[in-house]
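Can you keep this structure in mind? I'll have questions shortly.
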Amino acid sequence: MTTTETPDILRRILDYSARADPYPLYAELRRTPVALQEDGSYVISTYHELTDLLHNPHLSSDVRNLLRPMPATEGGATPSFINLDPPEHDRLRRLAMRHFGPPHAPGLVDGMRPDLTAIVNGLIDDFAGKQQIDIVDDFAYPFPVTVICHLLGVPREDEPRFHVWVNAIIDSIDYDPKTDPKEKLDNGVQARKDLRQYLGGLLEQRHGRSGDDLLTRLANDDGPDGRMTDDEIISTANLLLIAGHETTVNLIANGMLTLLRHPQVLQRLREEPDLIVRLVEELLRYEPPVHIIPWRAAYSEITVADTTIPKGSQIMLMLASGSRDPERFHDPDRFDPDRQDNQHLGFGSGIHLCFGGPMARLETQIALDALVRRLDRPRLVTDPPPYRPSPILRGPIHLHVEQS
């Protein structure tokens, strides 16, 4: 079924007033699995249609395949592999994965467990004597930032510099020329240039040197696929620096918020620490860090739910809506860490399945386990908490918690 009667629902979802609870609006949107918008774009909101599209080779991640050009955000820079299609996507992702996970570095993620645990415990040690803490500022942000800096080889003390750029980039992701000031786009473009220049300076120092960080390895790797160009390395590092902490901040903060709203589950986690693996998977379904893929392109004509989407059309994928679809998940609005067959869309699906998903899972498992064990009768100060502006990367901007 296709209709043009849903633009108002989408506008309400994107409006900040819906940030604390967009899920009732997603339910309205799912009544029309494929919704044609006034600007000619299509919004997909149901699980089976989303998963079919995410595995469809006719769905493009390359902005050059859009019939209606989008505002330029990269300033002519080399796209990261998340914005490319095969074979370019496959080559760059494969080159990056050689140093990040299986089969070439199978123990990297799990081998970091002791370091991750030490970082988490150090941050919680700093809570001593504080009656009120901000889970975001005091914990959920500094933890994954420290981790991704270590992995990439970015100096942790440079965080204040790149934090400003990352915020401007995230703020510009959902830029709408009809409603947003051009300054929002311009700030994002400039921030991308500044961040790329910064990463390029770090990369220059790594050529011809040895080291375990990802920048150094990529700068000196001559694997079977050859070597990335410097522009490709910078684009990959840019992607991993931003995605490597932004999504995890949201996942940890959303997770703690959900546990404080479900005290019986929080208490159960204290008593059953092995529950944490299934619990984090349910969090990825129930309160995911990424809600929307704002655009994909129809590489050629695509049929979705008996609807023909013309070549070059913009397609918006409502991932968080799909993970609450009652056609796929029983009682989807219930938080159930015992849920079986939990094939959520929290990290997407298909060839663009989240590159850093294994690390984000482990970070969140360690973080929530430690918070639950070590906080003394934590209580929410404000519910709902204030949220970040973005409807795409959704999470609290602050999460104030009192402890005894």
Notebook entry, point to check: According to the salt bridge (charged side-chain N to carboxylate O under 4.0 Å, His left out) rule, which pairs have a member within residues 40-64, sequence neighbours left out?
Noted result: Asp62-Arg64

Next item on the list: Using side-chain contact (heavy atoms from CB on, under 4.5 Å) as the criterion, list what pairs up with Asn220, not counting sequence neighbours.
Entry: Thr216

Checklist line | Straight-line distance of Ser300 OG to Asn56 CG, nearest 0.5 Å | finding: 7.5 Å

Next item on the list: Could you tell me which residues satisfy side chain to side chain donor-acceptor pair (under 3.5 Å) with Asp134, sequence neighbours excluded, listed by chain and number?
Entry: His398

Margin query: Taking Lys130's backbone N and O only, do any of them form a donor-acceptor pair with Gln403's side chain (distance below 3.5 Å, no angle check)?
Written below: yes

Item checked: Donor-acceptor under 3.5 Å (Ser321 side chain, Ser45 main chain) -> yes

Item checked: Main-chain N/O of Gln314 paired to Ser41 side chain as donor or acceptor, under 3.5 Å -> no

Checklist line | Of all pairs that satisfy ring-ring contact (aromatic ring centres under 6.0 Å, His included), the ones with a partner from residues 306-332, not counting sequence neighbours | finding: Tyr47-Phe329

Next item on the list: Please examine the side chains of Arg156 and Pro142, heavy atoms only from C-beta on, and report whether any two atoms are closer than 4.5 Å.
Entry: yes

Notebook entry, point to check: Within a reach of under 6.0 Å around CD of Glu327, are more than 12 heavy atoms found that belong to other residues, nucleotides or ligands?
Noted result: no

Check: Knowing that exactly one of Arg93, Arg94, Arg91 qualifies, which makes a salt bridge (Lys or Arg N to Asp or Glu O under 4.0 Å) with Asp225?
Finding: Arg94

Next item on the list: Without swapping roles, check the side chain of Arg339 against the backbone of Arg334 for a donor-acceptor pair under 3.5 Å.
Entry: yes

Note to self: Between Gln365 (side chain only) and Val277 (backbone N and O only), is there a donor and an acceptor less than 3.5 Å apart?
What the structure shows: no

Next item on the list: Apply side-chain hydrogen bond (donor to acceptor under 3.5 Å, both in side chains) to the pair Ser404 and Arg379, showing each step before the final yes or no.
Entry: CA-CA 9 Å; Ser404 300; Arg379 301 171 300 281; 3.2 Å; yes

Check: Distance only, no hydrogens: is a donor on one side chain within 3.5 Å (strictly under) of an acceptor on the other, for Ser172 and Arg192?
Finding: yes

Next item on the list: Determine, for Asp221 against Arg227, whether the closest basic-nitrogen to carboxylate-oxygen distance falls under 4.0 angstrom.
Entry: no

Margin query: Could you check whether any side-chain N or O of Arg296 sits under 3.5 Å from a backbone N or O of Val63, counting only pairs where one atom can act as donor and the other as acceptor?
Written below: no

Next item on the list: Output every pair passing ring-ring contact (aromatic ring centres under 6.0 Å, His included) with a member in residues 356-396, not counting sequence neighbours, ordered by first then second residue.
Entry: none

Item checked: Any residue meeting side-chain contact (heavy atoms from CB on, under 4.5 Å) with His207, in chain and number order, not counting sequence neighbours -> Leu203, Ala219, Asp230

Notebook entry, point to check: Taking only residues two or more places apart in sequence or in another chain, which ones pass side-chain contact (heavy atoms from CB on, under 4.5 Å) with Arg373?
Noted result: Asp369, Ala370

Check: Any idea how Tyr198 and Trp165 line up, ring-wise: parallel (<30°), tilted (30 to 60°), or perpendicular (>60°)?
Finding: tilted

Next item on the list: Enter the distance from Asp115:CG to Arg113:CZ here, rounded to the nearest 0.5 Å.
Entry: 12.0 Å

Check: Between Leu25 and Leu29, is any pair of side-chain heavy atoms under 4.5 Å apart?
Finding: no

Notebook entry, point to check: Residues in side-chain contact (heavy atoms from CB on, under 4.5 Å) with Thr258, at least two apart?
Noted result: His262, Leu283, Tyr286, Glu287, Phe335

Margin query: Between Asp15 and Arg11, does any side-chain N to carboxylate O distance fall below 4.0 Å?
Written below: no

Margin query: Could you check whether atom CG of Asp212 has more than 12 heavy atoms from other residues, nucleotides or ligands sitting under 6.0 Å from it?
Written below: no

Item checked: Polar side-chain atom of Ser349 near backbone of Leu345 as donor-acceptor pair, under 3.5 Å -> no

Notebook entry, point to check: Does the side chain of His352 come under 3.5 Å of the side chain of Ser61 through a donor N or O and an acceptor N or O?
Noted result: yes

Margin query: For residues 354-373, which residue pairs pass the ring-ring contact (aromatic ring centres under 6.0 Å, His included) check, not counting sequence neighbours?
Written below: Phe81-Phe355, Phe100-Phe355

Next item on the list: Drop me the distance from Ile44's CD1 to Leu59's CG, to the nearest 0.5 angstrom.
Entry: 9.0 Å

Notebook entry, point to check: Does Tyr26 have Arg324 sitting over its ring (NZ/CZ under 6.0 Å from centre, angle to axis within 45°)?
Noted result: no

Check: Is the backbone N or O of Ala320 less than 3.5 Å from a side-chain atom of Ser323, with the two atoms forming a donor-acceptor pair by type?
Finding: no

Next item on the list: With sequence neighbours excluded, tell me which residues meet side chain to side chain donor-acceptor pair (under 3.5 Å) with Arg374.
Entry: Asn121, Asp125

Next item on the list: Verify, without hydrogens or angle tests, whether Arg394 (side chain) and Pro288 (backbone) share a donor-acceptor contact under 3.5 angstrom.
Entry: no

Checklist line | From Ile315 atom CD1 to Ile302 atom CD1, the distance as rounded to the nearest 0.5 Å | finding: 4.5 Å

Next item on the list: List in chain and number order the residues that pass side chain to side chain donor-acceptor pair (under 3.5 Å) with Glu281, two or more places apart in sequence or in another chain; answer none if no residue qualifies.
Entry: His344, Arg361

Check: Is atom CD of Glu183 surrounded by more than 12 heavy atoms (other residues, nucleotides or ligands) closer than 6.0 Å?
Finding: no

Check: Taking only residues two or more places apart in sequence or in another chain, which ones pass side chain to side chain donor-acceptor pair (under 3.5 Å) with Asn167?
Finding: His163

Notebook entry, point to check: Any sub-3.5 Å donor-acceptor pair from Ser390's side-chain atoms to Leu393's backbone N or O?
Noted result: yes

